[in-house]
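Working notes, beginning with the structure itself.
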Amino acid sequence: MAPADSAQVKVSVSFEGEAPARPGRQPRPQPLRAPDTPLGRARLARGWSRGRTVRVLMALAERWGWQVATENSLKVLLHRWEHQEGRPSESYRVLLCAIFQATPETLGFTAPQVMTKTALSARVESLESMVMQLTAALSRTLGAPA
């Protein structure tokens with residue numbers, strides 16, 4: 001029993017997000033997800049989370065004596081590479097090919113296609129023609145003269 005001169009204290013607690021798991025219960029595993037890209041499919045085929053992939057990549061880099069980004073930075077980079085929002089540098093491509101035991105082509109690391117000046121000119125003309133046709137079609141639809 002508390003002494004008579006002690007004050008009562010009210011405690012209010014709020015949580016954001018999901019409630020923590022009850023003691024003695026295992027949280028349900030979340031299904032693995034990845035974008036439908038060559039690198040994303042390779043990770044899912046291994047059954048690896050993005051975090052595990054990063055840890056394996058870091059372990060291999062350490063074994064080879066290569067310096068790589070921090071774990072958190074690599075998670076961000078891997079996300080970008082899987083979503084094709086960037087392209088890994090040569091050293092990361094080598095590491096990724098090694099951990100997935102795949103070729104650069106299999107992981108989608110083929111060299112970007114370089115257009116010749118002639119091909120680029122033809123493409124620009126084609127796009128200009130398409131814009132003219134769409135503008136005329138829109139004008140006809142709206143009833144305005146082209």
Between atom CD of Glu90 and atom CG of Leu95, what is the distance when rounded to the nearest 0.5 Å? 10.5 Å
Is a side-chain N or O of His83 found less than 3.5 angstrom from the main chain of His79, in a donor-acceptor match? yes
Distance in Å, Thr70 OG1 paired with Leu77 CG, rounded so as to fall on 0.5 Å steps: 8.5 Å
Any donor-acceptor pair under 3.5 Å from Ser139 side chain to Thr135 backbone: yes
dist Leu96:CG -> Thr106:OG1 (nearest 0.5 Å) comes out at 13.0 Å
Side-chain donor/acceptor of Arg80 to backbone N/O of Glu85, under 3.5 Å: no
Same hydrophobic cluster for Met132 and Leu138, using side-chain heavy-atom links shorter than 4.5 Å among ILVMFWY? no
Is the closest side-chain heavy-atom distance between Trp48 and Ile99 below 4.5 Å? yes
Closest non-hydrogen atom pair between Thr110 and Arg87, with its separation: O-NH1, 2.9 Å
Quick check, are the ring centers of Phe109 and Trp81 under 6.0 angstrom apart? no
Is Val76 reachable from Leu74 through a run of hydrophobic residues whose side-chain heavy atoms are each under 4.5 Å from the next? no
Could you give the distance from CD (Glu82) to OG1 (Thr37), rounded to the nearest 0.5 Å? 6.0 Å
Which distance, rounded to the nearest 0.5 Å, do you find between the CZ of Arg93 and the CG of Leu107? 11.0 Å
Are Arg33 and Arg50 close enough, and set up right, to give a side-chain contact (heavy atoms from CB on, under 4.5 Å), and what steps lead you there? CA-CA 9 Å; Arg33 295 182 310 157; Arg50 194 169 283 127; over 6 Å; no
Please report the closest heavy-atom contact between Gly40 and Ala34, naming both atoms and the distance. O-CB, 3.6 Å
May I ask whether Tyr92 and Trp64 are part of the same hydrophobic cluster, defined by side-chain heavy atoms of I, L, V, M, F, W, Y residues being less than 4.5 angstrom apart, directly or through others? yes
Does CD in Glu105 sit with more than 12 non-hydrogen atoms of other residues, nucleotides or ligands closer than 6.0 Å? yes
Determine whether Trp66 and Leu60 satisfy the following criterion, side-chain contact (heavy atoms from CB on, under 4.5 Å), listing intermediate values before the conclusion. CA-CA 8 Å; Trp66 293 10; Leu60 181 59; over 6 Å; no
Thr118 and Ser121: side chain donor to acceptor below 3.5 Å: no
If I take atom CG from residue Leu57 and atom CG from residue Leu78, how far apart are they, to the nearest 0.5 angstrom? 8.0 Å
Assess, by modelled atom type and distance only, whether the side chains of Ser129 and Ser126 contain a donor and an acceptor separated by less than 3.5 Å. no
